Amino acid sequence: MPELPEVETTRRGIAPHLEGRTIKGLVVRQPRLRWPIVPALKRSLPGQKIHAVERRAKYLLLRLDKGTLILHLGMSGSLRILPADTPPNPHDHVDLLFDGQCLRLRDPRRFGAVLWTRSDPAKHKLIHHLGPEPLGNDFDADHLYQKSRRRQGAVKNLIMDGKVVVGVGNIYASEALFRAGIHPARACNRISQARYQRLTEEIKAVLSEAIEQGGTTLRDFQQEDGRPGYFAQQLQVYGQEGEPCPSCGKGIQKKIIGQRSGYYCSHCQR
DNA sequence: ACAGTAACCTGTTTGC
DNA sequence: TGCAAACAGGTTACTG
């Protein structure tokens, strides 16, 4: 479900409900997510105040008194703010309780995570090796070009590699490559600096636009209040196999690249 | 350092 | 209609 725009949309939605509030309890109905939720959290979280809700890559960081709660939504996770007494659905695995309200994690496929660290989350094992934020100044054409030089694999895999740049998932990788006119399977080291400049700009543009629209809802993504994201209407190639290219009218093609479906126009993208 | 694959899960769609 | 296979927005871990 969530790529960077969906996670950022979630962050913006939940932050006003959480910042400044004190955790009253933790309910874990299913501890077996990507990694097990440690039982000690039930004891250590209550009483701690949430100072900020931040994001690094697709991780949400809840800065508490004594450390940071790290949340990841995996493929199918979503967070909602609900009245504390709302009956849970089958895949509602975790509630963070406040006075009258709760933050509820729903995640049918259980690829998500709830982790705790007492030290700087930037140094956490799952975060320290990550590349720059796509919307930050550290991500630019020079960076992408340098990372591309020794790689012979498909460019789609390059931009989806979290060590190169974070937050670009399967939807927005296809969209950015279409907008940049680059074939997703083209070898990284056979693309010019000028074309990487364009690709960098299109990655930033498509992610920014998607955030403005509240993300992309394909099947089950919802914002914290239950509304869908509206960027699906703007998708030009993702999921559009056989449909006419918005630019030239030729049929959109689908090809498996790095175990994931890539969508592209073989006329407009070279 | 890089490339390719399997794995973690469940729900929905597709194909015979 | 029914059942099984294929597929889905992410990421790690392992192999060569």
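Since this is a predicted model, take the numbers as computed values, not measurements. All heavy atoms count here, side chains included; hydrogens, waters and symmetry mates do not. A, B, ... follow the sequence lines: proteins, then strands. Residue 1 opens every chain.
Between A/Y263 and A/Y238, the two ring planes are perpendicular [angle over 60°; tilted spans 30° to 60°]. Below 30°, between 30° and 60°, or above 60°: for A/Y145 and A/Y196 the angle between ring planes is above 60°, a perpendicular geometry.
Under a hydrophobic clustering in which Ile, Leu, Val, Met, Phe, Trp and Tyr are joined whenever their side-chain heavy atoms come within less than 4.5 Å, directly or via other members, A/V27 and A/I14 fall into different clusters. The hydrophobic clustering, which links ILVMFWY residues whose side-chain heavy atoms are closer than 4.5 Å, places A/Y59 and A/L105 apart.
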Apply side-chain hydrogen bond (donor to acceptor under 3.5 Å, both in side chains) to the pair A/T68 and A/R63, showing each step before the final yes or no.
CA-CA 5 Å; A/T68 303; A/R63 313 296 299 242; 3.3 Å; yes
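Residue-to-nucleotide proximity on DNA chain B shows that, of A/H91 and A/N157, the 5′-proximal contact is made by A/N157.
Atom pair A/Y238:OH and C/dA8:C1' shows a separation of 7 Å (rounding to whole Å applied). With rounding to whole Å, A/L60 atom CG is found 16 Å from C/dT11 atom C1'.
Between A/K204 and A/E201, none of the side-chain N atoms (NZ, or NE/NH1/NH2) sits under 4.0 Å from a carboxylate O, so this pair counts as no salt bridge. Checked for salt-bridge contact, A/R106 and A/D95 miss the test: no charged N lies under 4.0 Å from a carboxylate O. The residues A/R198 and A/E202 are annotated as salt-bridged, a charged nitrogen and a carboxylate oxygen being separated by less than 4.0 angstrom.
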Pick out the pairs of N or O atoms, protein on one side and nucleotides 12-16 of chain C on the other, that lie under 3.5 Å.
{"from": "C/dT12", "atom 1": "O4'", "to": "A/R34", "atom 2": "NH2", "distance (Å)": "2.8"}

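Proximity of a side-chain donor or acceptor of A/Q236 to a complementary backbone N or O of A/P246 within less than 3.5 Å is not detected.
Of the residues in residues 139-153 of chain A, A/R150, A/R151, A/Q152, A/G153 come within less than 4.0 Å of DNA chain B through at least one heavy atom, sorted by number.
Under the side-chain contact (heavy atoms from CB on, under 4.5 Å) test applied with A/P134, the options A/L207, A/V206, A/I159, A/T200 reduce to a single match, A/L207.
Among the atoms of the strands shown, base atoms are found under 4.0 Å from some heavy atom of A/R260.
Comparing C/dC14 with B/dC9, their P atoms are spaced 16 Å from each other, to the whole Å. Atom P of C/dA6 sits at a distance of 13 Å from the matching atom of B/dA6, rounded to the whole Å.
Using N1 to N3 plus N6-O4 or O6-N4 for Watson-Crick, or N1-O2 and O6-N3 for G-U wobble, each under 3.5 Å, B/dG4 pairs with C/dC14.
Of all nucleotides in DNA chain B, those with any atom nearer than 4.0 Å to a heavy atom of chain A start and finish, going 5' to 3', at B/dA1 to B/dG11.
Within the structure, a side-chain polar atom (N or O) of A/S261 is placed less than 4.0 Å from OP1 or OP2 of C/dA8.
Within 6.0 Å of the CG atom in A/N137, the count of heavy atoms belonging to other residues, nucleotides or ligands does not exceed 12.
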